[in-house]
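Read the numbers this way: they start at 1 and go in the same order the structure lists the ligands and their atoms. The first residue of the sequence shown is numbered 1, and numbering continues consecutively from there.
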Amino acid sequence: MKQVLQHRIDSTFAHYDVNRDGVIELADVYALANRLLQAFGEPASSERGRELVEAYDRFWEMLAEHCDTDRDGRIGPAEYREAMIEAFVEGGPINVDLLEIVQSLLDIVDTNGDGRVDADEFQVLLKARGLSEEDCGTAFTHLDVDGDGAISVDEYVMAVRDYYTNPAEDTPGSWLYPRSLTGVSR
Ligand SMILES: [Ca+2]
Ligand SMILES: [Ca+2]
Ligand SMILES: [Ca+2]
């Protein structure tokens, strides 16, 4: 059970270390932001593009504040693992910064700006993250816990917590990342 959660933490580390140099740094976070901009066909210079880059700046600041214990601008696997266990597995309160960052992320995913992130909009995010087309639909069904056809900030944040705390199969959190990363076999 613990092994699944450990695997998930290490897998998300690998996911964030885009340039594969063994540490997470600002360059990786920008690479993730760029991947998402490309998925949404949004230039970094547009208003929405700038908002996304700013959200990822804040994401980096939050990561650095919580994980980069030796303050060298690089987050190693051990620093990351320790911080994630402290933040989620040991059940600390949901970080206010995380709420704001998720809000910014979902604002960008809400392409038509109607205040709801529906299945089609959310699929773009999941695909950019590496989920297969088939898994995107299943993931949406699991993540839309109240079944109103949209992913809310609360639903997303609870799924993040679930991802790090609940090793069971088919929980909302288990669908946040590709199956290969979550340590769940079907
Ligand atoms: Ca890196
Ligand atoms: Ca929408
Ligand atoms: Ca919902």
Side-chain angles (χ1 to χ4, degrees), residues 9-37 39-42 46-49 51-53 55-57 59-84 94 98-99 102-131 135-163 170-177 181:
I9 291 172
D10 292 344
S11 300
T12 44
F13 181 88
H15 174 78
Y16 288 141
D17 178 20
V18 178
N19 63 8
R20 300 266 181 267
D21 65 350
V23 291
I24 301 175
E25 69 263 85
L26 186 58
D28 294 314
V29 173
Y30 280 153
L32 285 169
N34 271 324
R35 194 183 283 174
L36 208 54
L37 285 172
F40 284 97
E42 194 72 42
S46 72
E47 196 186 328
R48 293 165 64 84
E51 278 170 18
L52 183 127
V53 174
Y56 274 71
D57 270 330
F59 175 58
W60 166 252
E61 280 165 24
M62 183 180 77
L63 272 181
E65 193 185 318
H66 291 277
C67 309
D68 184 14
T69 31
D70 64 4
R71 296 275 175 251
D72 66 348
R74 298 145 52 95
I75 297 164
E79 286 179 324
Y80 184 78
R81 198 181 298 145
E82 239 168 68
M84 289 300 122
I94 291 283
L98 177 65
L99 281 177
V102 168
Q103 179 71 64
S104 310
L105 177 70
L106 293 185
D107 282 350
I108 288 145
V109 175
D110 176 18
T111 323
N112 67 1
D114 67 350
R116 289 165 51 86
V117 172
D118 63 28
D120 286 347
E121 291 168 335
F122 201 66
Q123 181 169 343
V124 182
L125 172 71
L126 293 178
K127 264 195 183 161
R129 201 173 267 175
L131 270 78
D135 280 352
C136 283
T138 318
F140 186 87
T141 311
H142 281 86
L143 288 161
D144 178 20
V145 174
D146 66 5
D148 71 344
I151 303 297
S152 66
V153 171
D154 280 350
E155 284 171 336
Y156 192 93
V157 169
M158 289 318 292
V160 172
R161 166 165 266 190
D162 184 61
Y163 176 81
D170 278 349
T171 65
S174 76
W175 287 96
L176 272 179
Y177 291 94
L181 289 188

Could you tell me whether a side-chain N or O of Gln103 sits under 3.5 Å from a main-chain N or O of Val153, the two making a donor and an acceptor?
-> no

The atom name of the N, O or S atom in Asp148 nearest to the Ca ion (ligand 3) is OD1

Any donor-acceptor N/O pair, Arg48 side chain to Leu37 backbone, under 3.5 Å = no

Please answer whether the main-chain N or O of Ala139 pairs with a side-chain N or O of Thr141 as donor and acceptor at a distance below 3.5 Å.
-> no

Mind checking whether the Ca ion (ligand 2) has an N, O or S of Asn112 under 3.0 Å?
-> yes

N/O/S atom of Ile151 under 3.0 Å from the Ca ion (ligand 3), yes or no?
-> no

Just how far is it from atom CG of Asp107 to atom CD of Glu51, taken to the nearest 0.5 Å?
-> 7.0 Å

All heavy atoms of Trp175 vs all of Leu126, minimum pair found to be O-CD2, 4.4 Å

If you look at Asp146, which of its N/O/S atoms is nearest to the Ca ion (ligand 3)?
-> OD1

Taken in chain and number order and not counting sequence neighbours, the residues that satisfy side chain to side chain contact (heavy atoms under 4.5 Å, CB included) with Asp72 are Asp68, Asp70, Arg74

Asp170 side chain to Ser174 main-chain N or O, any donor-acceptor pair under 3.5 Å?
-> no

With rounding to 10 degrees, Glu121 OE2, the Ca ion (ligand 2) and Arg116 O define an angle of 130°

Have a look at the Ca ion (ligand 2) and estimate, to 10 degrees, the angle subtended by OD1 (Asp114) and OD1 (Asp110).
-> 80°

For the side chain of Asp110 and the backbone of Asp114, is there at least one donor-acceptor N/O pair under 3.5 Å apart?
-> yes

Polar protein atoms (N, O or S) that approach the Ca ion (ligand 1) to under 3.0 Å = Asp17 OD1, Asn19 OD1, Asp21 OD1, Val23 O, Glu25 OE1, Asp28 OD1, Asp28 OD2

How open is the angle at the Ca ion (ligand 3) from atom OE2 of Glu155 over to atom O of Ala150, rounded to 10 degrees?
-> 130°

Check for a donor-acceptor pair, side chain of Glu82 on one end and backbone N or O of Glu79 on the other, with a separation under 3.5 Å.
-> no

Closest N/O/S atom of Asp144 to the Ca ion (ligand 3), by atom name?
-> OD1

Without swapping roles, check the side chain of Asp28 against the backbone of Leu32 for a donor-acceptor pair under 3.5 Å.
-> no

